[in-house]
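When a ligand or atom number is given, it counts from 1 through the structure's own listing order.
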Amino acid sequence: MLPRLALALVLALASLTLMACEPAETDASPERSAVAADFGIVIHGGAGTILRENLTEELEGRYHEALRSALQAGYEVLDAGGSAMDAVVAAVVILEDEPLFNAGRGSVFTSEGTNELDAAVMDGRDLDAGAVAGVTTLRNPILLARLVMEESPHVLFTGEGAETFADQFDLERVGPEWFFTQERWDALERAREREEFTLGWHLEEDRMIGTVGAVARDRTGNLAAATSTGGMTNKRFGRVGDVPIIGAGTYASNASCAISATGHGEYFIRNVVAREICARMEHRGETLQEAADAVVMEQLLDHGGTGGVVGIDRDGHITMTLNTPGMYRGHFLAGGEPFTAIYADEGDGRP
Ligand code: ASP
């Protein structure tokens, strides 16, 4: 048995250590403002060199229509009192099934002529997250990412392991023909000729296509984020981008905001973009827009990183911030109308 004095010393030391570990009471979070939107969803379909001269009116129309369907699906969930997680997944499933985007069905090709898809979800309520990387047979990788979050104690499964995990569930599996689009195949051939490892949108002759993502706030004030991608054309050696890396391409915390990113993934990983935006809100007291501007328009650009983010904060403020000529994007907020845009100069539809 310990002598009394030694015991008292141990207890005193333990309580000092505990005090040192307690979080400092210096919450710099922005003052809670009146709720800007009781609930709402913001989505993107990829950022990059999207130029008016490269898109026909007919194609523009198809993009707007696809974005609207995804917004509508997410909004209906939220309007009916559904969760932010259900809403972002509903929107992303629609975008994954639309070959206009580089996710799910429209995914780009790897250097081997295969498709390796990445996806992630995060729930702002409890920081729960799920992700998959390099999956090849899932029609909707976002659904598998959600199952990783809900049905496993883990966060990220890759390649064969992810497919084995998927075997336990009744998820739709598809063959390579599901992902075949002539346009993506031609892009691969051109990238191979030039021995380029590149995002589709770096190729001048290719129409820019992009990753898809959604963020939402539900009626209970909970936030969620979801992102899905085919990655980069001609990618090699099991390359994984920012999308399934929690904090880089996808992040949600009810303490600040939910973010889904798109762009050159390596830069988004190195700058931990999604978490960095939320962290600036939490620790520096910045608004969502101030934080997104600092990270996307300054920090990322300073490092040569191009792309954009969509975000929604705990009070329903939103951001659609891009440092590229365009980003397929849209929002549908409670009490408002759906808004969709393609080019940077179209703004975010708010006064
Ligand atoms: N961020 C994606 C990646 O690097 C690509 C994109 O957003 O277009 O895999």
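Considering backbone and side-chain N/O of T262, one or more are found under 3.5 Å from N/O of ligand 1. Between A261 and ligand 1, not a single N/O pair is under 3.5 Å apart. At a 3.5 angstrom cut-off on N or O pairs, T211 counts as close to ligand 1. For D242, a nitrogen or oxygen atom sits less than 3.5 Å from a nitrogen or oxygen atom of ligand 1, counting backbone and side chain alike.
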side-chain contact (heavy atoms from CB on, under 4.5 Å) between R275 and E282, intermediate numbers included: CA-CA 10 Å; R275 172 60 199 161; E282 290 167 30; 3.1 Å; yes

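Checking N222 against T220 by side-chain atom types alone, no donor-acceptor pair falls below 3.5 Å. For the residue pair T136 / E163, a side-chain donor-acceptor distance below 3.5 Å is found, with atom types taken as modelled. Y328 and E60 form no side-chain donor-acceptor contact under 3.5 Å, judged by distance and modelled atom types alone.
At least one heavy atom of G231 sits closer than 4.0 Å to an atom of ligand 1. Using 4.0 Å as the threshold, G263 has a heavy atom nearer than that to some atom of ligand 1.
Under a 4.0 Å criterion applied to the non-hydrogen atoms of R239, ligand 1 contributes the atoms 3 (C), 4 (O), 9 (O).
For N234 (side chain) and T110 (main-chain N/O), no donor-acceptor pair under 3.5 Å exists by modelled atom type.
The residue K235 has no part lying near ligand 1, judged by heavy-atom distances below 4.0 Å.
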